[in-house]
Amino acid sequence: MSMNLETRIGKLKDDGQAIWLTVILLIVIAILKTDSFATSRNLTNVLGQYTSLMLVTAGMLAVVVTGHIDLSVASQVRLVAVLMSGVADGNNVKFIFALVLVTVIACFVGFMNSLIINTFNIDAFIVTLGMSIILEGAAYAYTEKGEGSIPMSVSDFVYGSVGPLPYVFMIGIGMLVFLSQLLSHSRTGLWMYAVGGDSAMARRSGIDIYRTVTKSFIVCSLFTMIAAVVQVSRQGIGAPSTGSGVELLAITAVVMGGATLGGGKGKVSAVVGGAMLLTLINNVLNLTGISQYWQTFVRGLIVVAGVGLFSRRLLKR
């Protein structure tokens with residue numbers, strides 16, 4: 001009986017159902033505990049906040065399935081935020097130029113991360129940690145407090161919605177569908193899982209490991225870049241502190257969604273459920289009036305419990 005129960009729980013984790021069942025349970029509790037949770041305004045706010053973390057988490061999964069990790073995503077968000085705000089400076093035409101600029105930078109960062117990892121066979125943890133420091137320094141070198149602004153038309157669009165569904169959230173869902181199809185039904189996606197599952201066997205099978213890892217890091221950086229654009233557009237102005245800690249949240253969401261940090265396993269639909277759970281936890285803590293000093297403590301306990309519940313192993317290696 002215990003083995004059957006364990007097998008069923010394991011299947012729920014693999015399918016990503018367990019994390020979404022937990023999300024639904026938390027929503028029910030929030031509706032019962034506070035009247036303000038189910039309002040259209042709060043739901044729109046939650047989905048708007050969720051979009052950025054959702055995109056970073058999805059991008060992180062693209063790297064994790066290859067057996068790597070990207071600790072530079074938070075600093076990428078910082079740099080993109082200050083550049084978008086400073087270069088755009090409230091002008092629509094300059095905003096387009098800034099968007100092109102940060103897209104090129106995102107591709108370059110992803111390429112450099114993978115190049116160093118592939119060429120020198122250095123662990124991704126060390127490489128991306130170093131890249132994080134470099135990008136954070138670049139963001140603070142550009143501005144210490146933030147400058148410029150996002151055009152009002154862009155901010156209006158980001159805050160726009162159809163009912164409780166923000167435009168950016170629906171765009172983000174489209175991107176998730178694209179990534180899910182890429183990972184599940186394309187040769188590139190299958191190669192990513194193969195490299196993460198057993199890189200030696202993947203090499204013997206003729207898979208180009210270097211190119212596959214490069215694509216995964218570029219995908220991660222592009223998703224992170226778009227998440228940063230959404231976040232800074234909501235704020236109106238970018239600051240070097242924008243995105244602080246998002247790398248840990250994304251990794252936590254990936255693990256809670258059943259992905260294995262050793263690679264070869266993970267579904268988009270599941271890991272973004274982890275991101276939704278973290279977003280809801282933050283929202284519910286705010287709505288219930290828990291002291292700010294206690295929120296971090298409570299949030300940490302919940303995250304630790306969630307990781308222990310939804311992950312069989314934090315590291316496969």
Side-chain angles (χ1 to χ4, degrees), residues 55-77 79-80 99-132 134-135 174-228 247 250-251 254-255 257-272 315-317:
L55 292 175
V56 176
T57 300
M60 182 68 74
L61 176 65
V63 171
V64 167
V65 295
T66 65
H68 296 289
I69 199 169
D70 192 346
L71 296 180
S72 68
V73 293
S75 292
Q76 290 183 51
V77 171
L79 185 59
V80 170
L99 191 59
V100 173
L101 174 63
V102 297
T103 300
V104 172
I105 291 175
C107 291
F108 178 75
V109 170
F111 174 77
M112 289 304 299
N113 276 334
S114 61
L115 178 64
I116 298 172
I117 292 169
N118 289 330
T119 303
F120 300 102
N121 196 29
I122 304 175
D123 192 275
F125 183 95
I126 303 299
V127 173
T128 58
L129 179 60
M131 181 63 73
S132 175
I134 293 172
L135 296 178
M175 293 179 62
L176 293 186
V177 172
F178 166 77
L179 181 61
S180 181
Q181 292 298 311
L182 174 70
L183 292 177
S184 303
H185 302 291
S186 72
R187 184 174 64 176
T188 297
L190 295 177
W191 282 10
M192 287 180 180
Y193 283 105
V195 170
D198 190 332
S199 59
M201 181 175 293
R203 184 180 290 106
R204 289 194 296 269
S205 301
I207 294 177
D208 190 333
I209 295 180
Y210 285 9
R211 182 176 297 180
T212 302
V213 172
T214 298
K215 289 179 179 179
S216 70
F217 272 95
I218 290 177
V219 167
C220 180
S221 292
L222 287 174
F223 268 71
T224 299
M225 179 271 294
I226 297 172
E247 75 278 29
I251 293 170
V254 165
V255 173
T260 305
L261 293 185
K265 177 184 175 184
K267 295 178 63 176
V268 173
S269 59
V271 300
V272 297
L315 291 173
K316 184 179 180 182
R317 295 175 181 175

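Sequential numbering from 1 along the given sequence is applied to the chain's residues.
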Asks: Heavy atoms only: give me the nearest S216-A62 pair and the separation to one decimal.
Replies: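 In this case the closest contact between S216 and A62 is CB-O, 3.2 Å.
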Asks: With no hydrogens and no angle check, is any side-chain donor or acceptor of T212 less than 3.5 Å from a backbone partner on D208?
Replies: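 Checking the backbone N and O of D208 against the side chain of T212, a donor-acceptor pair under 3.5 Å is found.
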Asks: Determine the minimum heavy-atom distance between A227 and L55, stating which atoms define it.
Replies: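 Heavy-atom minimum between the residues: CB-CB, 3.8 Å.
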Asks: For I122, enumerate each residue passing the side-chain contact (heavy atoms from CB on, under 4.5 Å) test, keeping only those at least two apart in sequence or located in another chain.
Replies: I116, F120, I126, V127
Asks: For residues Q76 and T224, report the shortest heavy-atom separation together with the two atoms involved.
Replies: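 Heavy-atom minimum between the residues: CB-CG2, 4.0 Å.
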Asks: To the nearest 0.5 Å, how far apart are CG in N113 and OG in S221?
Replies: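 The OG atom of S221 is 6.0 Å from CG of N113, to the nearest 0.5 Å.
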Asks: So V271 and M60, do their side chains get closer than 4.5 Å, heavy atoms only?
Replies: no
Asks: Main chain of V177, side chain of S180: is a donor-acceptor contact present, judged purely on distance under 3.5 Å?
Replies: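 Not at all, since once roles are kept as given, no pair shorter than 3.5 Å links the two residues.
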Asks: Among residues at least two apart in sequence or on other chains, which ones pass side-chain contact (heavy atoms from CB on, under 4.5 Å) with T214?
Replies: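 For T214, the residues satisfying side-chain contact (heavy atoms from CB on, under 4.5 Å) (neighbours in sequence not counted) are F111, S114, N118, I218.
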Asks: Calculate, to the nearest 0.5 Å, the distance between atoms OG1 and CZ belonging to T188 and R211 respectively.
Replies: 9.0 Å
Asks: Taking the side chain as every heavy atom from C-beta outward, state whether I251 and L71 have any pair of such atoms under 4.5 Å apart.
Replies: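 Touching, per the 4.5 Å side-chain cut-off.
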Asks: Do V80 and I105 come close enough that some side-chain heavy atom pair is under 4.5 Å?
Replies: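 Not touching, per the 4.5 Å side-chain cut-off.
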Asks: Would you please name every residue forming a salt bridge (charged side-chain N to carboxylate O under 4.0 Å, His left out) with R203, sequence neighbours left out?
Replies: none
Asks: Has the side chain of S72 got a donor or acceptor atom that lies under 3.5 Å from a matching backbone atom of S75?
Replies: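 Not at all, since once roles are kept as given, no pair shorter than 3.5 Å links the two residues.
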Asks: Looking at S132 and T128, would you say the former's side chain and the latter's main chain have a donor-acceptor pair under 3.5 Å?
Replies: no
